[in-house]
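Read through the structure below, which is laid out as structure tokens, and then see the notes.
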Amino acid sequence: MATKTKLVIVESPAKARTISKILGKSFVIKASLGHVRDLPKGKLGIDVLNNFTPTYTAIRERKKVLDELKKSAASASAVYLATDPDREGEAISWHIIEAAKLDKDTLPLHRVVFHEITKEAVEEAFKHPHAIDMDLVNAQQARRLLDRLVGYKLSPLLWRKVQRGLSAGRVQSAALRLIVDREREIQNFVPTEYWTIEAELAKSIPKGHGASFRALLIGLEDGKKLHIPNQMEAERLKDELESSAYAVKSVQIKDASRQPSPPFITSTLQQEAYRKLRFTASRTMRIAQQLYEGVTIGNEGSVGLITYMRTDSTNVAASAIVETRDFIHSKYGDNFLPPHPRSFEKKRKFAQEAHEAIRPTKIHREPSQLQKYLTSEQAKLYDLIWKRMVASQMAAALFKVTTVDMTAECRHSQKVYLLRTTSSVNKFPGFMVLYTEGKDEGEGENGKVVTLPELKANDKLTLLDLFPEQYFTQPPLRYTEATLIKTLEQKGIGRPSTYAPILSTIQEKRGYVLKDKGKIYPDEIGFIVSDLLTQHFPKIVDLSFTARMEKDLDEIAQGNRNWVSVLHTFYDHFEKTLLRAADTIERIDMTKATDEVCPECGKPMVIKIGRFGKFIACSGYPECKKTMPFKVTTGVTCPECKEGELLERMSKKKRRFYSCSRYPKCKFAISSKPIKQPCPQCGKLLVQYRGDWAKCTSCTFKDKPGELEKVEAKV
């Protein structure tokens, strides 16, 4: 009689291939392709009156997979559920058992968990199987039911009061509010003028002066700060500084160290992949999943290259730290190895899973060795993860920081002004020889290299020139994917598995926000939906309330809260608010009149907003169903065909671009907004660049920020 094999169920075929190589022929590995059942489409699927009992149905696209799993289980001696090590993975395993009707009394059912797909980790997991953790399952169920209740109850209200096709989500609505609030800050921002004055100075010597350097006027010697609000005040101060005697007040030299960043967690990986690679959060997670589940590496076969990528823990296994330190010692030498291993404590109070950080499974697999086996995007992301992990165990970078304070004693007013210059020079690169963390737009540099002559207190200085500069305060920056994820994490909104879906939903599925050169901003419909929810459903979009809900879900996962009571607490208030809003919200008319008339019936055409953005429709609908595309003109002639006009259009991914009105006859398109005036140097097309810069598409011409209005004068 043939020996029965053991059935192992994972989510993906790639993961199945990698594990199959490790476990051998006594195991049969099958992939569920993710969830096999879910709440039904088209109806709520939750019995609110019966303790929120859900009705789950098999996912149509998974019925064939489910039949195969049942058949394989029937001929197996045991079933091992090896889905991902988080709430979602735990729920997938539970749903497989329920949907396939696997009975633990007749067939041994085991749950195995590993955070990296390596021989050691997988074999260790199979030595210590356990039962399904129902606390984790219930936490996932509670999230799923909460989101279904909000979506299925709020969306019909939006359909009736605004327009069909709209929807609202629990966490997505809070993220949308962040974006809308930021855009309002930008719109309401009033710039304030201010000036700075820099002095070019040099050390006085008997026959002239030495090398020059610049210093910034910061205040009076008595500590009083200076605010220079306008040119008149700047000129007055310049006059005083021109008639001043300069000397060194103090020179402070100190050593400063810069420590490396911890290994990646989900949010920091998504942020850094955006900053350095311009990968969206969803793209980053898709590639990371491939690296985790296994990539074919020459004779090794399918190998898991990184640890599990959904985590908010910076912990690293002791064996991985030892391996990393050995690598640093052999590759870079003792100078680059700190005396003791580094450990990084997670300071974020909302931390959820007790996983490891995201790191390579084998440090000695250097990116250069794997490049020929990986796709371009896999190689880039692996390189980022590998460098971050190795750098985290390297020695600190050391800097020599020199701060020089100088006095300027005015001969006329007797006032003594204070100027300062700072120089930061790298003495030892440490971890920076391999990796430095990227920066978001608007973040300053960590010091600048300024060449200073040898200075000491009381040295006389010669004034060479003064440089007054006008500035205006800047509005807050629009969010990028990186800065939005950072804010969501700081405010406790969402968890490692939800950041990418949140961004994907509000951008691509809902169309509430748009993206232009990486900056996220709300569309008109985004403002309307967010304002309506803020007014009538304040808790849904309240950031602190959303964060508390996440903490409640964490409590369920830890076995400290009952998931049904959490749902009751939320829904009892939500239902009352919903009934009140249905009576008080007035219908919002989204149509806007145009000067055009319908070519079929002669009635006025109006602008409407649909699932794919704005379009023009006949006001006689439904009797007349004539529609036309909505065109936003730019007034710029197509530079290619010289006949059409460049029109503003929207891609399927809600990204703005500009193309010729004669498409498809002329296929010219550009992502940057065109400017009416031609380039003053070559006469070709000018486009907006980095906000309010102007840049030529053909030559090297660039115009200064805030100077676009002067382009016409230059022409």
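Nothing fancy with the numbering, it's 1 onward along the sequence. Note that the coordinates shown come from a computational prediction; the quantities given were computed from them, not determined experimentally.
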*Which of these passes side chain to side chain donor-acceptor pair (under 3.5 Å) with E481: Q271, K486, R278, Q507?*
Q507
_CA sep, side-chain torsions, deciding dist, call: E469, E198, side-chain contact (heavy atoms from CB on, under 4.5 Å)_ = CA-CA 8 Å; E469 288 285 342; E198 279 192 325; over 6 Å; no
_Residues that F545 engages under ring-ring contact (aromatic ring centres under 6.0 Å, His included), provided they are two or more places apart_ = none
Main chain of [Y], side chain of [X]: is a donor-acceptor contact present, judged purely on distance under 3.5 Å?
{"X": "R325", "Y": "P338", "value": "yes"}
{"X": "T473", "Y": "T192", "value": "yes"}
{"X": "N230", "Y": "E233", "value": "yes"}
{"X": "S392", "Y": "S261", "value": "no"}
{"X": "K400", "Y": "K427", "value": "no"}
{"X": "D459", "Y": "K456", "value": "yes"}
{"X": "T505", "Y": "P501", "value": "yes"}
{"X": "T634", "Y": "L646", "value": "yes"}
{"X": "N188", "Y": "R184", "value": "yes"}
{"X": "T436", "Y": "M432", "value": "no"}

*Any chance you could lay out the side-chain contact (heavy atoms from CB on, under 4.5 Å) test for R182 and T483, step after step, and finish with the verdict?*
CA-CA 12 Å; R182 173 62 57 85; T483 55; 6.0 Å; no
Pairs meeting criterion ring pair (Phe, Tyr, Trp, His ring centres under 6.0 Å) with involvement of [range], two or more places apart:
{"range": "residues 452-495", "result": "Y194-Y471"}
{"range": "residues 205-244", "result": "none"}
{"range": "residues 242-285", "result": "none"}

Rounded distance [0.5 Å steps], [atom1] in [X] versus [atom2] in [Y]:
{"X": "I493", "Y": "M549", "atom1": "CD1", "atom2": "CE", "result": "13.0 Å"}
{"X": "L533", "Y": "K539", "atom1": "CG", "atom2": "NZ", "result": "15.5 Å"}
{"X": "L514", "Y": "I525", "atom1": "CG", "atom2": "CD1", "result": "11.5 Å"}
{"X": "T534", "Y": "D181", "atom1": "OG1", "atom2": "CG", "result": "7.0 Å"}
{"X": "I179", "Y": "R478", "atom1": "CD1", "atom2": "CZ", "result": "11.0 Å"}
{"X": "K695", "Y": "T700", "atom1": "NZ", "atom2": "OG1", "result": "11.5 Å"}

_Criterion side-chain contact (heavy atoms from CB on, under 4.5 Å) on Y417 and L226, from CA distance to verdict_ = CA-CA 9 Å; Y417 294 97; L226 277 180; 3.8 Å; yes
Would you say [X] and [Y] make side-chain contact, with heavy atoms under 4.5 Å?
{"X": "C410", "Y": "S243", "value": "yes"}
{"X": "T284", "Y": "M309", "value": "no"}
{"X": "L488", "Y": "L178", "value": "yes"}
{"X": "Y435", "Y": "L384", "value": "yes"}
{"X": "T421", "Y": "M406", "value": "yes"}
{"X": "T311", "Y": "E356", "value": "no"}
{"X": "C696", "Y": "C682", "value": "yes"}
{"X": "I485", "Y": "T266", "value": "no"}

*side-chain contact (heavy atoms from CB on, under 4.5 Å) between Y512 and V180: does it pass, once the steps are laid out?*
CA-CA 10 Å; Y512 293 155; V180 168; over 6 Å; no
Verify whether one side chain among [X] and [Y] offers a donor that lies under 3.5 Å from an acceptor in the other.
{"X": "S423", "Y": "T402", "result": "no"}
{"X": "Q270", "Y": "E489", "result": "no"}
{"X": "E200", "Y": "S212", "result": "yes"}
{"X": "Q393", "Y": "T324", "result": "no"}

*Under a 4.0 Å N-O cut-off, is there an ion pair linking E555 with K551?*
no
*Is a salt bridge present between K276 and D383, judged by a nitrogen-to-oxygen distance below 4.0 Å?*
no
Return yes when atom [atom1] of [X] has more than 12 non-hydrogen atoms of other residues, nucleotides or ligands closer than 6.0 Å, and no otherwise.
{"X": "E185", "atom1": "CD", "answer": "yes"}
{"X": "Q414", "atom1": "CD", "answer": "yes"}
{"X": "K673", "atom1": "NZ", "answer": "no"}
{"X": "N458", "atom1": "CG", "answer": "no"}

Which atom names give the shortest non-hydrogen contact between [X] and [Y], and what distance separates them?
{"X": "G494", "Y": "I502", "result": "CA-CD1, 4.5 Å"}
{"X": "A457", "Y": "V251", "result": "N-CG2, 4.4 Å"}
{"X": "A199", "Y": "L463", "result": "CB-CD1, 4.0 Å"}
{"X": "I328", "Y": "M394", "result": "CD1-CG, 3.5 Å"}
{"X": "I675", "Y": "Q688", "result": "CD1-N, 3.8 Å"}
{"X": "R258", "Y": "F431", "result": "O-CE2, 2.9 Å"}

*asked:* Among residues at least two apart in sequence or on other chains, which ones pass side chain to side chain donor-acceptor pair (under 3.5 Å) with E648?
replied: R656
*By side chain to side chain donor-acceptor pair (under 3.5 Å), which residues pair with E221, not counting sequence neighbours?*
none
